[in-house]
Amino acid sequence: MNLSAYVREDMVAYREFRPTGKSGRGASNELTGHFVIFPKKQVITHDTWPHFRESARTYLVRSGGHTLLNLIDADPGKQEAAVADCFALGRGDMRALLMVRQLIERLPGPALRLAVRVLSHCISHPDIFWHEGNWIPQRTRKSIASTFSWAPWEIFHTIREVDTQDEPGKWERGSSGQCLFLLLLEDKELIVKLPAAVQIACSADETQVAVIMLYLYQYRMATESKPKEQLLQAIEEIVAANPKLAGEILTWELCGIVTEHGWADIF
């Protein structure tokens, strides 16, 4: 068993998720009451030694810091693996998750999609089934969530990368798109930033991405109880400032939904 991994990555999360049973309140030693069960099948033998050795080697690479460097590697596969490692490390050391947040605009495709899912464990998410294997300590969650203030180019990059992925129902509940929307909605200044992000998307001829932002924009306004007249006016102003949106049928479908129902759900 990897006791180092337990202490560094799992122990604090486990303590919050389930009572340890033996530790008293205010115990001076945080290890008090913790124990690790050694499964009977995990016995070191001649046959299992290669697996044990490879597991130890993999952990040393991950905990030695090299895996974090792969977040900016040229190989997308290594970047994706680094994000997964940061999720494991971040449960014990929040700096690993902070690096994922700070480098999110450097992550492409699959790595970005995984990063979005990982970071969404730091906020309230209605469709995550919480268990001791994915629980992140509250202190870490609050610290990471406090960094969710998004620059317009980060909004553009994250939405574009998620939208390009071949994921069924990518913008429905339980998807990477839902995780991303929930992360973006954590930014209290999102309404102010989205018009600039739309302009970036239109300048890059990514009008479909711009329309997705338009849906998110009106949804955020609706959550602030803005009347539909104000929503429609805001949409029309953004379209007027970005004429390419006028050529997208989804733009006019959005206006029709808001006119009829007062707002459009994004899930």
Side-chain angles (χ1 to χ4, degrees), residues 8-17 30 63 65 67-72 79-80 82-108 111-162 173-198 200 212-213 216-217 219-225 266-267:
R8 294 176 179 175
E9 301 172 9
D10 300 326
M11 188 177 68
V12 177
Y14 282 4
R15 185 170 61 219
E16 281 192 3
F17 189 81
E30 64 177 4
S63 62
T67 185
L68 302 182
L69 299 179
N70 285 338
L71 285 172
I72 55 174
Q79 287 183 293
E80 187 176 9
V83 172
D85 287 341
C86 284
F87 179 58
L89 292 169
R91 299 176 71 209
D93 188 338
M94 70 176 69
R95 293 177 297 178
L97 291 173
L98 186 60
M99 288 189 69
V100 174
R101 162 63 189 99
Q102 297 300 329
L103 294 174
I104 198 164
E105 64 178 299
R106 299 286 299 272
L107 300 176
L112 186 280
R113 184 173 62 181
L114 180 58
V116 164
R117 287 188 175 274
V118 165
L119 292 175
S120 68
H121 285 72
C122 296
I123 59 175
S124 178
H125 194 308
D127 294 319
I128 288 180
F129 177 72
W130 299 102
H131 53 83
E132 62 185 29
N134 67 3
W135 183 259
I136 295 176
Q138 289 290 347
R139 178 171 172 270
T140 297
R141 295 177 66 187
K142 290 180 180 179
S143 296
I144 302 302
S146 68
T147 69
F148 294 157
S149 176
W150 308 98
W153 57 85
E154 288 181 318
I155 298 172
F156 165 65
H157 173 72
T158 53
I159 292 179
R160 179 186 62 184
E161 292 301 308
V162 168
R173 293 192 63 167
S175 67
S176 301
Q178 181 196 21
C179 294
L180 176 56
F181 279 157
L182 293 175
L183 289 174
L184 296 176
L185 289 168
E186 286 291 304
D187 189 344
K188 292 180 173 54
E189 301 297 324
L190 186 63
I191 288 181
V192 177
K193 299 173 181 177
L194 275 171
V198 169
I200 293 173
I212 294 172
M213 296 177 190
L216 182 61
Y217 180 74
Y219 178 84
R220 183 53 182 268
M221 291 188 69
T223 61
E224 297 181 0
S225 301
I266 55 176
F267 300 120

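Just so it is clear, the values below take in all heavy atoms, side chains as well, and ignore hydrogens, waters and symmetry mates. Small disclaimer: the values here were computed from a predicted structure and weren't measured.
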Measuring from atom [atom1] of [X] to atom [atom2] of [Y], what distance do you get when rounded to the nearest 0.5 angstrom?
X: Ile212; Y: Leu194; atom1: CD1; atom2: CG; answer: 12.0 Å
X: Gln178; Y: Arg117; atom1: CD; atom2: CZ; answer: 8.5 Å
X: Asn70; Y: Asp85; atom1: CG; atom2: CG; answer: 8.5 Å
X: Arg101; Y: Ser149; atom1: CZ; atom2: OG; answer: 7.5 Å
X: Leu112; Y: Arg160; atom1: CG; atom2: CZ; answer: 9.5 Å
X: Met99; Y: Leu68; atom1: CE; atom2: CG; answer: 5.0 Å

Open item on the list: Under the rule for salt bridge (charged side-chain N to carboxylate O under 4.0 Å, His left out), what residues qualify as partners of Glu80, not counting sequence neighbours?
Closed with: none

Quick check: closest heavy atoms across [X] and [Y], and the distance to 0.1 Å?
X: Val100; Y: Ala115; value: CG1-CB, 3.7 Å
X: Phe148; Y: Leu119; value: CZ-O, 3.9 Å
X: Ala111; Y: Val83; value: O-CG2, 3.9 Å
X: Glu154; Y: Glu105; value: OE2-OE2, 4.2 Å
X: Gly174; Y: Asp127; value: N-OD2, 3.9 Å
X: Ile155; Y: Thr158; value: O-OG1, 3.1 Å

Task: Full working for side chain to side chain contact (heavy atoms under 4.5 Å, CB included) between Ile144 and Ile123 - done: CA-CA 9 Å; Ile144 302 302; Ile123 59 175; over 6 Å; no

Task: Backbone N/O of His157 and side chain of Glu161: donor-acceptor pair under 3.5 Å - done: no

Open item on the list: Using modelled atom types and a 3.5 Å cut-off, is there a donor and acceptor pairing between side-chain atoms of Arg95 and backbone atoms of Gly90?
Closed with: no

Open item on the list: Just to verify, which of Pro108, Ser176, Cys179 counts as forming a side-chain contact (heavy atoms from CB on, under 4.5 Å) with Arg113?
Closed with: Ser176

Taking only distance into account, with no hydrogens and no angle test, what donor-acceptor pairs under 3.5 Å do side-chain atoms of residues 180-191 form with protein atoms, sequence neighbours excluded?
from   : atom 1 : to     : atom 2 : distance (Å)
Asp187 : OD1    : Glu189 : N      : 2.9
Asp187 : OD2    : Trp150 : N      : 2.8
Asp187 : OD2    : Lys193 : NZ     : 2.7

Open item on the list: Tell me every residue that passes ring-ring contact (aromatic ring centres under 6.0 Å, His included) with His121, counting only those two or more places apart in sequence or in another chain.
Closed with: Phe87, Trp130

Task: Contacts of type ring-ring contact (aromatic ring centres under 6.0 Å, His included), residue Tyr217, not counting sequence neighbours - done: none

- [ ] Tell me, please, which residues at least two apart from Arg220 pass side-chain hydrogen bond (donor to acceptor under 3.5 Å, both in side chains).
- [x] none

Open item on the list: When you compare the side chain of Pro126 with that of Arg173, does any pair of heavy atoms fall below 4.5 Å?
Closed with: yes

TODO: Would you please name every residue forming a side-chain contact (heavy atoms from CB on, under 4.5 Å) with Ser143, sequence neighbours left out?
DONE: Met94

Open item on the list: Run the side chain to side chain contact (heavy atoms under 4.5 Å, CB included) test on Leu71 and Cys86 for me, step by step, so that the C-alpha distance in whole Å, both residues' side-chain angles and the decisive distance to 0.1 Å come before the verdict.
Closed with: CA-CA 9 Å; Leu71 285 172; Cys86 284; 4.0 Å; yes

